[in-house]
Amino acid sequence: MNVFADFHAALSTALSALVAEGKLPDGLDLSRAVVEPPRDPSHGDLSTNAALVLAKGAGAKPRDVAMLLVGKLAVDPRVESADIAGPGFVNLRLRAGVWRELVRAVLNLGAAYGESRAGNARPVNVEYVSANPTGPMHVGHCRGAVVGDALAALLEKTGFSVTREYYINDAGAQVDTLARSVHLRYREALGENIGTIPEGLYPGAYLVPVGKALAQQHGGKFRDAPEDEWLATFREFAISAMMDLIREDLDALGVRHQVFTSERTNIVGQGRVDEAIERLKLRDLVYTGVLEPPKGMKPDDWEPRPQLLFRATQFGDDVDRPLRKSDGSWTYFAADMAYHLDKYRRGFVRLIDIWGADHGGYIKRVDAAVKALSEGRATFEVKLCQMVNLMDRGEPVKMSKRSGNFVTLRDVVDEVGADVVRFVMLTRKQDQHLDFDYAKVREQSKDNPVFYVQYAHARHRSAFRQAAQTFPGADFSDAALAAADLERIADADELALLRQISGFPRLLEAAADAGEPHRVAFWLYDLASAFHQLWTRGNHDAALRFVVPDDQDLTRTRLALVRAVGITVAAGLGILGVRPAEEMR
RNA sequence: GGGCCCAUAGCUCAGUUGGAUAGAGCACGGGAUUUCUAAUCCCGCGGUCGCAGGUUCGAAUCCUGCUGGGCUCGCCA
C-alpha cells in the first residue's frame, strides 16, 4: 500500500479521461509529475506538480490544467477536498478513513510493510568490502560493509533480485608478501628466534597461529628450502586463513556475502582476463602505445615506454589505461575489467560497487570497461564512502599502521555492539566524513539516534506489557488488532502519525533509487520523534494514553496504531540490519 | 597542473532527485514529572544555502566561472 503511488496512478487515469473528452491533447507525459507530502501540512495530505509539468505540452496555463485535474480528482471517494495553490499545485486532503485503513494494512503485512516491486526482479550485484586478504578487517572497512549491506537489503525490499558479493584481491604481489610473512612465523613456530619483523613484511601477531599450523602440517621441510618450493603452498594456506578471519569479522557485524570471487582462481586462473581482452581486441579497443605523462605533473622517474592499453578514452575516461605490467602479468585493472565482465555474464545488468573515497579516481576507467565489455547493456554505479574518524570523548583515537597496531573492526564491534556500529555508520550520507565517537555512541539519550529509535520500539512493547497487565487474558495479537474499531482513531496527532507511516514505501523507493540507505536511518529518527511526542501527550493527559483502563475496545484500537508504529520501526531497522530493542532498562 | 568529491544556523548534519515561508539535533534561554519507562516532550533564539553569473513559471538542488577544503594522478591493490 502506497498512497503516493496510488494517486500517481489516479492522475494518469484523470489525464486519460481528459484526453478522451478532448480537453487536453494526446501524448502528454506524466513521468515528471510527482505526488508527495507537502512541506507544510496545512496545505493538505498530498500535493502534486502535475499541472505545472503538463502545462507546456498542453499549451495551457498551469492553473487551468490544475482546474481540469481537480475536477476529476475531487470525485475520488478517498478525496475530501482538492484545491489549487500557488503557481498550479494541486493539493489533496484525504478522508480520515484512508489513514485508518493504513493501520489494518500494516498489521496484515507485518514485516513485509514497505516492500514493493519497483525493482521488477531485475538482477543487481552489490560488491562491497572486498578487503585484501592480508589480515583482519580494520575499522576503516566498517562503513563500506554496513553501507553495502544496508543498500543490498534496501534493494531487496524494493523488488530487486540482489546478490551480495565480495571480490578477493589475491593475485597481486601483496599475497606473496603475506606468504613470506607467514614463512617467517613458520620458522618461529619451529623454534627459531626471528627477532623483529623486517620492513616490508606484515608484522601482525595474527599470523602467528598460521605459522604454527603450517609447522604442524609440514614439519621442518620448508625451513631452509628455496622460496619457489614453498611460496605457492604458503600463499594458498595464508589466503584461506585470512579469509576465515575476515568472514568471522563480517559475521560479528552481521554481514554475509553470498558470493566470493577470487581474482587468482576465478578470474586470472580461468583465463578470464585473456577472454576479456580478446573481446576488446575484436572491436579494436586494445593497442600498444605510449602514454603522455599526467598533465601538469610529470613524475621524476617518468620515461616513455610502450604498453598494452585499453582505449578507455572512447568511453569517457581521461586517458587510455595500461593492461599489462612490465613483468608480463596483468595489471589490477585488467583483472578487475575481466571480473566486471564476469558479473555481467552471470546475468547482472546493474552493477554497484562500494568503494573507499581514495579510489574515486578509478571510477571512470571501470565505467569505461563495463560500457565497452557489455556493449552498453549494463549500468555501473559506485558508492564512495568517506573516511570514518575514530574518536573518544572528542579526541581522535591514535592508530599506528606501521606496527600493525591498528584498531580492528572486531575491537569496535566487541566494544559497542554490532547494532550500534551499523546504525551510526548510517547517520551520515556516505560521501560525508563521519566521526565515530566511542563515548557518544554509547550514550543513552536522545543525543544518540541509535537509542532514540530503539527506545521508540521498546516503548511500543512497553505499552503492550502494560495492556496485558490491565486486561489479563485479552487478545492483543496482530490479528485481533486488525479487527479493532479503527473509527476511534480520531486525534489529529494520531492521524498525523499515520500519514508519516504512509510515507515509508515511498521513502524506501527513493532511497533505493538514489542508493542512499542513510535516508532510512534519518526517516526512522523522525518517526520515533513523532511517536515519543504522542507518548508524552499521554503522560500529560490520561485520556490520550494508549492503554485506557475502563475501555478495552479503545485500548485495542490504540494498540493497533502503536503496533503499526512498532512494525514500521522494526521493518526499517531490519533494512539497516539492526535488531529492535524489546525493552531498555 | 588535470580529474573526482565536498561547502547549508555558533557546532554536527538532513533537505523527499527542480517546488510553496530552507529543517533536525547540540549549545543557549524558558517550561512540563504522584509517568502507558521524563533514557521523553513543549516554547524561544538562531540563515546572504561559500562567491558571481546563467537556465525557467520556480534553484540549496541543474549549467559555467571563481574561492576554500579533501581524495587522486603510467606496471599498489
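Just so it is clear: chains get the letters A, B, ... in the order the sequence lines come, proteins before strands, and each one is counted from 1.
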* To do: Check every strand shown and say whether A/Trp330 touches a base, only sugar-phosphate, or nothing at a heavy-atom separation below 4.0 Å.
  => nothing

* Structure fact -> Taken to the nearest whole Å, OH/A/Tyr525 to P/B/rG23 is 17 Å

Distance-only donor-acceptor pairs under 3.5 Å for side chains of residues 519-531 of chain A, two or more places apart:
residue: A/Arg519; atom: NE; partner: A/Glu516; partner atom: OE1; Å: 2.9
residue: A/Arg519; atom: NH2; partner: A/Glu516; partner atom: OE1; Å: 3.0
residue: A/Ser529; atom: OG; partner: A/Tyr452; partner atom: OH; Å: 3.4

* Would you kindly check whether a donor in the side chain of A/Asn91 faces an acceptor in the base of B/rA20, or vice versa, at under 3.5 angstrom? => yes

* Structure fact -> Between CG of A/Leu46 and P of B/rG19 the distance, given in whole Å, is 16 Å

* To do: Please list, chain by chain and in numerical order, all residues satisfying salt bridge (charged side-chain N to carboxylate O under 4.0 Å, His left out) with A/Asp6, sequence neighbours excluded.
  => none

* Structure fact -> Hits for side-chain contact (heavy atoms from CB on, under 4.5 Å) against A/Ala560, two or more places apart or cross-chain, chain-then-number order -> A/Val103, A/Leu107, A/Leu481, A/Leu486

* Using a cut-off of 4.0 Å on non-hydrogen atoms, how would the nucleic acid contact of A/Asp320 be classed: base, sugar-phosphate, or nothing? -> nothing

* Asked: So what does A/Asp336 touch, heavy atoms closer than 4.0 Å: a base, only the sugar-phosphate, or nothing?
  -> nothing

* What does A/Ala173 touch in the nucleic acid at a heavy-atom separation under 4.0 angstrom: a base, only the sugar-phosphate, or nothing? -> sugar-phosphate

* To do: Only counting residues at least two apart or in another chain, list the ones meeting ring-ring contact (aromatic ring centres under 6.0 Å, His included) with A/His141.
  => A/His138

* **A/Lys371: salt bridge (charged side-chain N to carboxylate O under 4.0 Å, His left out) partners, not counting sequence neighbours** => A/Asp367

* Check every atom of B/rG15, B/rG74, B/rC41 against the side chain of A/His518 and return the nucleotide holding the closest atom. => B/rG15

* Watson-Crick or G-U stems of RNA chain B, 3 or more pairs, under 3.5 Å, by first number -> B:1-5 with B:69-73, B:10-13 with B:23-26, B:28-32 with B:40-44, B:50-54 with B:62-66

* Does the ring of A/His540 meet both stacking tests against the six-membered base ring of B/rA32: centre distance under 5.5 Å and plane angle under 30°? -> no

* Decide whether a cation-pi geometry holds between A/Arg311 and A/Tyr287; the criteria are a distance under 6.0 Å from NZ or CZ to the six-membered ring centre and an angle within 45° of the ring axis. => yes

* **Donor/acceptor link under 3.5 angstrom from A/Arg428 side chain onto base of B/rU12** => no

* **Contacts of type ring-ring contact (aromatic ring centres under 6.0 Å, His included), residue A/Phe333, not counting sequence neighbours** => none

* Nucleotide nearest A/Met584 when distance is taken to its side chain, options B/rA77, B/rA39, B/rU16 -> B/rA39

* Contact class for A/Glu303 (heavy atom, under 4.0 Å): base, sugar-phosphate, or nothing? -> base

* To do: Output the single nucleotide from B/rA77, B/rU40, B/rG15 whose closest atom is nearest the side chain of A/His532.
  => B/rU40

* **Listed partners of A/Arg506 passing salt bridge (charged side-chain N to carboxylate O under 4.0 Å, His left out), at least two apart** => A/Glu36

* To the nearest angstrom, how far is A/Leu308 atom CG from B/rG74 atom P? -> 18 Å

* Is the backbone of A/Pro322 close enough, under 3.5 Å, to the side chain of A/Thr331 for a donor and an acceptor to pair up by distance? -> yes

* Asked: Whole-Å distance between B/rA77 P and A/Asp358 CG?
  -> 15 Å

* Structure fact -> Nearest-nucleotide check on RNA chain B, A/Leu534 vs A/Lys325; residue mapping nearer the 5' end is A/Leu534

* Provide the closest heavy-atom pair for A/Val548 versus A/Thr555 in the form atom of the first, atom of the second, distance. => N-OG1, 2.9 Å

* Among B/rC42, B/rC57, B/rC73, the nucleotide that comes nearest once only the side chain of A/Gln533 is considered -> B/rC42

* **d(CZ, A/Phe522; C1', B/rG23) in whole Å** => 12 Å

* Under the side-chain contact (heavy atoms from CB on, under 4.5 Å) test, which residues partner A/Val290, sequence neighbours left out? -> A/Pro304, A/Pro306

* Atom CD of A/Gln430 and atom C1' of B/rA14: how far apart are they, to the nearest Å? -> 14 Å

* To do: Using a 4.0 Å heavy-atom cut-off, write out nucleotides 2-11 of chain B from 5' to 3' as B (base contacted by protein), S (sugar-phosphate only) or - (no contact).
  => SS--SS----

* **Any donor-acceptor N/O pair under 3.5 Å between B/rA20 base and A/Ser47 side chain** => yes

* To do: Have a look at A/His359 and say if it touches a base, only the backbone sugar-phosphate, or nothing, with a 4.0 Å heavy-atom cut-off.
  => base

* Asked: By a strict heavy-atom criterion of less than 4.0 Å, which residues belonging to residues 81-90 of chain A are in contact with RNA chain B?
  -> A/Ala85, A/Pro87, A/Phe89

* **Residue pairs fulfilling salt bridge (charged side-chain N to carboxylate O under 4.0 Å, His left out) with at least one residue in residues 529-543 of chain A, sequence neighbours excluded** => A/Asp491-A/Arg537, A/Asp493-A/Arg537

